[in-house]
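Worksheet: one structure, shown below.
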2 protein chains.
Amino acid sequence: MDGHRRLWCNAGMPAATDVDAAAAPAFSPLYRQIKALLTQALQAGDWKPGEVIPSEAELAQRFKVSQGTVRKAIDELATDNLLVRRQGRGTFVATHAETQVQYRFLRLVSDDGSADRLERRFLDCRRLRAQAEVARELGLRSGDAVVQIRRLLSLRERPVVLDELWLPGAAFKGLTAERLAQWRGPLYRLFESEFGVHMVRAEEKIRAVAADADAAALLGRAQGAPLLSVERVAYTYGDRPVELRRGLYDTTTHHYRNELS
Amino acid sequence: MDGHRRLWCNAGMPAATDVDAAAAPAFSPLYRQIKALLTQALQAGDWKPGEVIPSEAELAQRFKVSQGTVRKAIDELATDNLLVRRQGRGTFVATHAETQVQYRFLRLVSDDGSADRLERRFLDCRRLRAQAEVARELGLRSGDAVVQIRRLLSLRERPVVLDELWLPGAAFKGLTAERLAQWRGPLYRLFESEFGVHMVRAEEKIRAVAADADAAALLGRAQGAPLLSVERVAYTYGDRPVELRRGLYDTTTHHYRNELS
DNA sequence: AAGTGGTCTAGACCACCTG
DNA sequence: AGGTGGTCTAGACCACTTA
């Protein structure tokens, strides 16, 4: 129709400084503005994980753009794994509560390719004050309340992963050791259904480290044995960090699988 | 116009058996058929890495489809990193010979985020007969000729990566130690410009291992020190494996960075 | 100014799912 | 049968690059 209805929609963005002015995109195409609106709706919780969002036709009408433009916005959100399209059914908010792919972010696979059943065992769950480093990674201030969880994952009766993780205390109020003990399924499913926190993406730093006495005992390995250290920061809508996790993987019969392209 | 010009273009596919018939897609949309044609052209070397491919309009005319359909095919090839679009200039065949992003597949970054200059030192380059495992990973037969290379990467004067890699001898005929010694730049750039082998994607298996005497000496670490083992199989057009690589990373001041989504 | 990719639209029809 | 996403088309115009 008109070809450029540019709203310069930069809601939520900090004011541009001289420094980043150069890096800022000159303009946003319409479909990106629609994408931003949809993202806001997701962040605001207008549609919950697992639910259907309105049809493309309806959204087009609502935003007064063509269906193709809405479509392109949804396309990007789908490749970002925020939405899931299902032909003939509709478009759904991505969720960790699907029967498929239980552990979307766990890249550990067995060397022989077999799919093992995974067993969880929680070691402890405490509320404490965040140390400087934990606070920084979670976007909190030192001394803010955090929940610390430690747990062990086993494959074929053998402990393979020792996880230690920190969550912002404010967002995870009712999270207790009892609650964890009776929970069946991935943690991210619990976080999503009980605390309304959906993990969108994560960044990991991977290193090889020597097992300390504690890790060695829990994983049934010798002290000093090489372990894979996987430090993860997970983000929810709006790129807000909401989990810091440090995993120690025993990689004698399993490995961390990655695809490069 | 017609809406479905389905050619059932399954060139190169084995005949469907009863087993995989269920998994086989019922039909290919037109843009996927175009995508397949473009992929074949890339594989055949019709357009070399770094070169421009014909414009969307011309391809549309050539294939007798609308520009939008060509566009969607190119979109997918661009997200697969086979093509690179440059607004106003054209669409180019992806290459490792760009001044930007020298090491597209190297995920090792320094803990403090600084970008170190990288130094290469070749240890040796031999032609030998493939062992069973190497042959299997490269799609060769045991005893086929392979080239074995070992080299050391250093950051800030400190050796950090010990790589050992195998290439199919047939495709890398003139590859000698001298050739390597005088080469400046990433190996994949050499492979591409001198041997016409472009790496498209790779799979990595990551483990923590203890340094053996050899690796310890070369990396300046104690024997038994934990190292990151990164086993990579790299593929060229048509998903044909053309490189097996095993890297040992010293992760005391660096880490392997990964994004999950 | 000309050429390329990028955006937006409107409409037709297909494939898939659910009632 | 009706609704949803998926494909395809044709045309207009915008943004960017090069000459």
Side-chain angles (χ1 to χ4, degrees), chain A residues 1-9 22-38 47 50-79 82-94, chain B residues 1-9 22-38 47 50-79 82-94:
Chain A
M1 194 73 79
D2 51 13
H4 65 138
R5 235 174 310 155
R6 284 179 239 136
L7 311 176
W8 261 261
C9 162
F27 86 112
S28 287
L30 235 192
Y31 75 85
R32 274 202 196 283
Q33 301 175 31
I34 304 298
K35 182 183 178 185
L37 292 174
L38 293 174
W47 312 304
E51 290 179 5
V52 214
I53 73 170
S55 74
E56 295 179 354
E58 192 190 324
L59 289 171
Q61 201 170 7
R62 183 182 301 183
F63 296 132
K64 296 192 168 48
V65 298
S66 82
Q67 181 176 340
T69 300
V70 169
R71 189 168 180 73
K72 183 140 190 183
I74 292 178
D75 274 344
E76 289 203 353
L77 290 168
T79 57
L82 295 197
L83 296 177
V84 177
R85 324 189 73 136
R86 289 189 197 140
Q87 188 173 17
R89 298 186 54 197
T91 301
F92 297 76
V93 182
Chain B
M1 194 76 76
D2 51 14
H4 65 136
R5 237 176 306 154
R6 285 183 238 134
L7 311 175
W8 260 261
C9 164
F27 86 112
S28 286
L30 235 193
Y31 74 86
R32 276 204 194 282
Q33 300 174 32
I34 304 298
K35 182 184 179 184
L37 292 175
L38 293 174
W47 312 305
E51 290 179 4
V52 215
I53 72 168
S55 74
E56 295 179 353
E58 190 190 323
L59 290 171
Q61 200 170 8
R62 185 183 301 182
F63 295 132
K64 295 191 167 50
V65 299
S66 82
Q67 181 175 339
T69 299
V70 170
R71 186 165 181 75
K72 183 140 190 182
I74 292 178
D75 274 344
E76 289 204 353
L77 290 169
T79 57
L82 295 196
L83 295 177
V84 177
R85 324 189 73 137
R86 289 188 194 140
Q87 188 174 17
R89 298 186 53 195
T91 301
F92 298 75
V93 182

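Sequence lines set the chain letters: A, B, ... in the order given, protein chains first and strands last, and positions in each chain run from 1.
Arg71(B) meets the salt bridge (Lys or Arg N to Asp or Glu O under 4.0 Å) test with Glu56(B); sequence neighbours excluded.
Atom pair Ile34(B):CD1 and dG6(D):P shows a separation of 20 Å (rounding to whole Å applied). Between Gln67(A) atom CD and dT7(C) atom P there is a gap of 18 Å when expressed in whole angstrom units. Spacing between atom CZ of Arg85(A) and atom P of dT7(D) amounts to 9 Å, rounded to whole angstrom units. Spacing between atom CD of Glu58(A) and atom P of dG5(D) amounts to 10 Å, rounded to whole angstrom units. Atom-to-atom, CZ of Arg32(B) to P of dG6(D) comes out at 11 Å; the value is rounded to the nearest Å. When rounded to the nearest whole Å, the span between CZ of Phe92(B) and P of dT17(D) equals 11 Å. Per the geometry, CG belonging to Leu30(B) stands 15 Å off C1' belonging to dA15(C), to the nearest Å. Nucleotide dG6(D) holds its P atom 12 Å from the CD atom of Glu76(B), rounded to whole Å.
Between Tyr31(A) and Gly88(B), the residue whose closest nucleotide on DNA chain C is further toward the 5' end is Gly88(B). If Ile74(B) and Gln87(A) are placed on DNA chain C by their nearest nucleotide, the residue sitting closer to the 5' end is Ile74(B).
Among the protein residues, Glu56(A) comes within range of the sugar-phosphate backbone only, with heavy atoms under 4.0 Å from sugar or phosphate atoms but none that close to a base. Arg71(B) comes within 4.0 angstrom of a base, heavy atoms only.
Annotation: Glu51(B), atom CD; neighbour count of heavy atoms from other residues, nucleotides and ligands within 6.0 Å is above 12.
In this structure, of dT9(C), dG6(C), dT9(D), it is dT9(D) that holds the atom nearest to the side chain of Ser66(B). Out of dG6(C), dG6(D), dC17(C), the shortest distance to the side chain of Arg89(A) is found at dC17(C). The side chain of Thr69(B) lies closest to dT9(D), out of dT9(D), dG5(D), dT18(C). When distances run from any side-chain atom of Ser55(A) to the nucleotides dG6(D), dT4(D), dT9(D), the shortest one goes to dT4(D). Taking the side chain of Lys72(B) as heavy atoms from C-beta on, and the options dT9(C), dG6(D), dT7(D), the nearest nucleotide is dT7(D).
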What's the verdict on side-chain contact (heavy atoms from CB on, under 4.5 Å) for Leu59(B) and Ile53(B), showing C-alpha distance, side-chain angles and the deciding distance? CA-CA 9 Å; Leu59(B) 290 171; Ile53(B) 72 168; 4.1 Å; yes

side-chain contact (heavy atoms from CB on, under 4.5 Å) between Arg85(B) and Asp75(B), worked out: CA-CA 9 Å; Arg85(B) 324 189 73 137; Asp75(B) 274 344; 2.5 Å; yes

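The shortest non-hydrogen separation linking Ala73(B) to Tyr31(B) is CB-O, 3.4 Å.
Residue Arg86(B) places none of its side-chain N or O atoms closer than 4.0 Å to OP1 or OP2 of dT4(C).
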